[in-house]
Amino acid sequence: MNRKKALLLIVAFELMLMAMLVVLFFSGVMGVTPFIITVLIVGIVSSTFTVLAVRKLPPM
């Protein structure tokens with residue numbers, strides 16, 4: 001797997017998770033505090049995977 005495919009996969013997975021969180025938040029299932037905490041956790045994990053992909057995988 002090259003860097004481009006890995007980054008696209010990470011972005012697609014993050015987009016799917018964020019969309020699910022937004023739907024849960026706006027439907028009233030999730031409160032403000034759990035929403036913010038979950039968004040922060042998803043952002044940190046996604047950033048970690050992005051840094052790892054950029055450092056470890058070949059460019060193209």
Side-chain angles (χ1 to χ4, degrees):
M1 176 178 290
N2 59 16
R3 190 180 299 168
K4 182 179 177 181
K5 286 182 184 178
L7 291 176
L8 286 173
L9 222 112
I10 292 168
V11 168
F13 189 68
E14 182 182 9
L15 180 66
M16 181 183 65
L17 282 176
M18 291 299 214
M20 289 186 335
L21 288 174
V22 167
V23 167
L24 287 173
F25 179 68
F26 283 119
S27 66
V29 175
M30 184 182 282
V32 175
T33 305
F35 176 72
I36 292 172
I37 291 171
T38 310
V39 166
L40 287 174
I41 290 171
V42 168
I44 290 169
V45 171
S46 173
S47 298
T48 304
F49 283 139
T50 302
V51 168
L52 285 174
V54 168
R55 290 187 69 196
K56 300 287 181 183
L57 296 174
M60 292 267 201

Handout entry: Sequence neighbours excluded - ring-ring contact (aromatic ring centres under 6.0 Å, His included) pairs with any residue from residues 5-26
Key =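 Qualifying pairs: F25-F35.
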
Handout entry: Members sharing I44's hydrophobic cluster (side chains within less than 4.5 Å)
Key =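 For I44, no cluster forms, as it stays isolated from other hydrophobic side chains.
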
Exercise for the section: Linking directly or through intermediates, with side-chain heavy atoms under 4.5 Å: list the remaining ILVMFWY members grouped with V11, chain and number order. Expected result: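 Once heavy-atom contacts under 4.5 Å are chained together, V11 still belongs with nothing else.
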
Are [Y] and [X] linked, directly or through intermediate hydrophobic residues, by side-chain heavy-atom contacts shorter than 4.5 Å (ILVMFWY only)?
X   : Y   : value
L21 : V32 : yes
V45 : V39 : no
L15 : M20 : no
L40 : L24 : yes
L7  : M1  : no

Problem - Minimum side-chain heavy-atom gap K5-N2 below 4.5 Å - result: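 Contact flag for K5/N2 side chains = yes.
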
May I have the list of side-chain donor-acceptor pairs in residues 53-60 shorter than 3.5 Å, sequence neighbours left out?
none

Problem - Pairwise distance CG(L17) to CD1(I41) - rounded to 0.5 angstrom - result: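 If I round to the nearest 0.5 Å, the distance is 11.5 Å.
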
Practice task
Would you please name every residue forming a ring pair (Phe, Tyr, Trp, His ring centres under 6.0 Å) with F49, sequence neighbours left out?
Solution key: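 Per chain and number, F49 pairs via ring pair (Phe, Tyr, Trp, His ring centres under 6.0 Å) with no residue.
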
Exercise for the section: Check side-chain hydrogen bond (donor to acceptor under 3.5 Å, both in side chains) between T38 and all other residues, then give those that pass, not counting sequence neighbours. Expected result: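 side-chain hydrogen bond (donor to acceptor under 3.5 Å, both in side chains) check on T38 returns nothing, list empty.
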
